[in-house]
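Report on one structure; see the data block that follows.
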Amino acid sequence: MIAMILRQPGRPLERAIVPDPEPTAYEILVRIAACAVCRTDLHVIDGELPHPKLPLIPGHEIVGRVVALGRETSRFGLGDRVGIPWLALTCGACRYCRAGMENLCDSPEFTGYTRDGGYAEMVSVDERFAVRLPDAYADAEAAPLLCAGLIGYRSLAKTGDASRIGIYGFGAAAHVITQVAVAQGREIYAFTRPDDLEGQSFARSLGASWVGSSTEPPPDELDAAIIFAPVGSLVPAALRAVRKGGIVVCGGIHMSDIPQFPYELLWGERTVCSVANLTRRDAQEFMGIVSGGLVRTHVETFPLSSANEAISRLRTGQLTGAAVLISPS
């Protein structure tokens, strides 16, 4: 099969012909139709996340059809459409798995990081961690739901019943979860780079109540803030913006160092927390919420062989919505 391979962090991906995956007893083999490009992929490719499997096929927002079944599989049939997200396997035995917090598993595997992912024509996955996808979305439209949507949903859930929510960094995750939050009757305050006029216009088009630069305060006190941009200096900025008792949720897997800030920003029972990975329950709940086509994913498609171009466009902020790689098969 054709695949885009990471040989060494910090270098472009290489197009290669590699053997097709062979599913184990509990795995299904999926012919890939589409795979979205996530900022986490950038962190892997740029060497900001340690110890990736090498050589590696990146990608963890995968949509495709089942073409082969392991001998112990039972959830899916040949031809079924499935999604494959970041969380690929958990041990099921550690204290976190036993407590229903499998996103914090001590011995996890991750698609496109510790095992091969979706920048290819085929991929195998433990069927227990594959996701059923709503029919309301075409393949390319469904791909961003599998990380941008799921991590966005987990981040939004951390804000509880917050009515006014600030979102810092208006990329793939923000554009999905803004639509969910607006549908729930919440007010979204979108913060972008000062010069990102296109991003600000995009946020308004999705129902944001206020749009402005991440360097300026919002016109109203926020109940909560979600930070998707991997910029540590946004944490104290968000703390300044939220009310007493409010929460700041860091929704990324990697962030630059958080600068020192005065205790008074945290005082007043404000909270800062991170979101780590996702659970299968997150996927079930989120896909149920969007099953009727609640959100519209905005995507720009690229052929699989143009993965480096899509990555570069994401890195430099030249995308509106999400980049999606389309498999040649």
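Values reported hereafter were calculated over all heavy atoms of this structure, with side chains retained and with hydrogens, waters and symmetry mates removed.
When the shell of 6.0 Å around CD of E198 is examined, it contains 12 or fewer heavy atoms from other residues, nucleotides or ligands. Enclosure of atom CZ in R296 is not indicated, since only 12 or fewer non-hydrogen atoms of other residues, nucleotides or ligands lie within 6.0 angstrom. Within 6.0 Å of atom CG in D161, 12 or fewer heavy atoms from other residues, nucleotides or ligands are found, so the atom counts as exposed in its surroundings. Atom CD of E269 is surrounded by 12 or fewer heavy atoms from other residues, nucleotides or ligands within 6.0 Å. Other residues, nucleotides and ligands contribute more than 12 heavy atoms inside 6.0 Å of the CZ atom of R75.
Between the side chain of S327 and the main chain of I32, a donor-acceptor pair closer than 3.5 Å is present. With E141 contributing its side chain and A138 its backbone, the two residues share a donor-acceptor pair below 3.5 Å. Not a single donor-acceptor pair under 3.5 Å links the side chain of R270 to the backbone N or O of G246. A side-chain donor-acceptor contact under 3.5 Å links Y137 to the backbone of V290. Put simply, the side chain of S312 never gets that close to the backbone of N308: no donor and acceptor are under 3.5 Å apart. With hydrogens and angles ignored, the 3.5 Å screen pairs no side-chain donor or acceptor of E221 with any backbone N or O of V242. Side-chain N or O atoms of S155 include one that pairs as donor or acceptor with a backbone N or O of I151 at under 3.5 Å. The backbone N or O of N103 lies less than 3.5 Å from a partner atom in the side chain of N277, making a donor-acceptor pair. Judged by distance alone, the side chain of D46 and the main-chain N or O of E48 form no donor-acceptor pair under 3.5 Å. Judged by distance alone, the side chain of S213 and the main-chain N or O of T215 form a donor-acceptor pair under 3.5 Å.
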query = Would V176 and T297 satisfy side chain to side chain contact (heavy atoms under 4.5 Å, CB included), going step by step from the backbone distance to the final call?
reply = CA-CA 6 Å; V176 171; T297 55; 4.1 Å; yes

task = Start with the C-alpha gap between W210 and F191, add the side-chain angles, then the distance that decides, and say whether ring pair (Phe, Tyr, Trp, His ring centres under 6.0 Å) holds.
result = CA-CA 9 Å; W210 176 88; F191 297 82; 5.1 Å; yes

ask   = Should L206 and V182 be marked as a side chain to side chain contact (heavy atoms under 4.5 Å, CB included) after you check the CA-CA gap, both sets of side-chain angles, and the distance that decides it?
value = CA-CA 8 Å; L206 297 177; V182 169; over 6 Å; no

request  = List the steps, then state whether side chain to side chain contact (heavy atoms under 4.5 Å, CB included) holds for V67 with V30.
outcome  = CA-CA 6 Å; V67 294; V30 176; over 6 Å; no

message = Go through it in stages, so that I can follow the logic: the residues are S209 and I188, the test is side chain to side chain contact (heavy atoms under 4.5 Å, CB included), and I'd like the CA-CA distance, side-chain angles, deciding distance and then a yes or no.
response = CA-CA 5 Å; S209 301; I188 293 296; 5.6 Å; no

key: Working for salt bridge (Lys or Arg N to Asp or Glu O under 4.0 Å), residues R7 and E14   = CA-CA 8 Å; R7 303 279 183 193; E14 299 177 16; 3.3 Å; yes

inquiry  = Checking D116 against K53 for the salt bridge (Lys or Arg N to Asp or Glu O under 4.0 Å) test, could you report, in this order, the C-alpha distance in whole Å, the side-chain angles of both residues, the deciding distance, and whether it holds?
reply    = CA-CA 8 Å; D116 285 331; K53 168 193 174 296; 3.0 Å; yes

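Using a cut-off of 4.0 Å between Lys/Arg side-chain N and Asp/Glu carboxylate O, E27 and R115 are scored as salt-bridged. The pair R281-E102 does not count as a salt bridge, with every side-chain nitrogen at least 4.0 angstrom from each carboxylate oxygen. The residues D139 and R81 are annotated as salt-bridged, a charged nitrogen and a carboxylate oxygen being separated by less than 4.0 angstrom. Classification of D223 and R243 as a salt-bridged pair holds, one side-chain N sitting under 4.0 Å from a carboxylate O.
Scanning all heavy atoms of the two residues, the minimum distance from R154 to T279 falls at NH1-CG2, 3.9 Å. Nearest heavy atoms, G317 versus R193: O-NH2, 3.8 Å. Of all the heavy atoms in M287 and V131, the pair that sits closest is CG-CG1, 3.9 Å. In terms of heavy atoms, V18 sits closest to A3 at CG2-CB, 3.9 Å. Here the closest heavy-atom approach between residue I2 and residue P328 is recorded as CD1-CG, 4.2 Å. The shortest non-hydrogen separation linking G59 to C35 is CA-SG, 3.8 Å.
Using a 4.5 Å heavy-atom cutoff, the side chains of L42 and I311 are in contact. Residues V63 and V324 fail the side-chain proximity criterion, which asks for heavy atoms closer than 4.5 Å. The closest side-chain heavy-atom distance from F170 to T178 is below 4.5 Å. Within the 4.5 Å cutoff, no side-chain heavy atoms of M4 are placed close to those of I57. Within the 4.5 Å cutoff, no side-chain heavy atoms of H60 are placed close to those of F110. Between V275 and V249, some side-chain heavy-atom pair lies under the 4.5 Å cut-off. Counting heavy atoms from C-beta on, the side chains of V37 and Y119 come closer than 4.5 Å. Between F261 and R240 the shortest side-chain heavy-atom distance does not fall below 4.5 Å.
Going from atom CD1 of I227 over to atom CG of L239 covers 7.5 Å, rounded to the nearest 0.5 Å. Rounding to the nearest 0.5 Å places OG of S274 at 7.5 Å from NZ of K158. Rounding to the nearest 0.5 Å places OH of Y263 at 6.0 Å from CG of L266. Atom OG in S107 sits 11.5 Å away from atom OH in Y96 (nearest 0.5 Å). Note that the CD1 atom of I17 and the CE atom of M1 stand 9.5 Å from one another [nearest 0.5 Å]. Of the inter-residue distances, the one linking S205 atom OG with Q179 atom CD reads 8.5 Å to the nearest 0.5 angstrom.
In the model, S124 has no side-chain atom that pairs as donor or acceptor with a side-chain atom of E22 under 3.5 Å. At a cut-off of 3.5 Å, with distance as the only test, a side-chain donor of T159 or R186 sits close to an acceptor on the other residue. Looking only at atom types and distance, the side chain of E109 has no donor-acceptor partner in the side chain of T114 under 3.5 Å away. Between the side chains of E127 and Y26, no donor-acceptor pair is found at a separation under 3.5 Å. No side-chain donor from either of D41 and Y113 sits under 3.5 Å from a side-chain acceptor of the other.
Residues I253 and L87 are members of one and the same hydrophobic cluster, defined by side-chain heavy-atom contacts under 4.5 angstrom among Ile, Leu, Val, Met, Phe, Trp and Tyr. Under a hydrophobic-cluster definition in which Ile, Leu, Val, Met, Phe, Trp and Tyr are linked whenever side-chain heavy atoms come within less than 4.5 Å, directly or via other members, I62 and L89 are assigned to different clusters. L104 and L49 end up in different hydrophobic clusters when Ile, Leu, Val, Met, Phe, Trp and Tyr side chains are linked at under 4.5 Å. Follow the hydrophobic side-chain contacts under 4.5 Å out from L69 and you never reach L29; the two are in separate clusters. Using a 4.5 Å cut-off between side-chain heavy atoms of Ile, Leu, Val, Met, Phe, Trp and Tyr, with links allowed through other members, V235 and F228 fall into different hydrophobic clusters.
For the pair R164 and Y189, the NZ or CZ position fails the cation-pi test of under 6.0 Å to the six-membered ring centre and within 45 degrees of the ring normal.
Ring pair F202/H298 is perpendicular by interplanar angle, where above 60° counts as perpendicular and below 30° as parallel.
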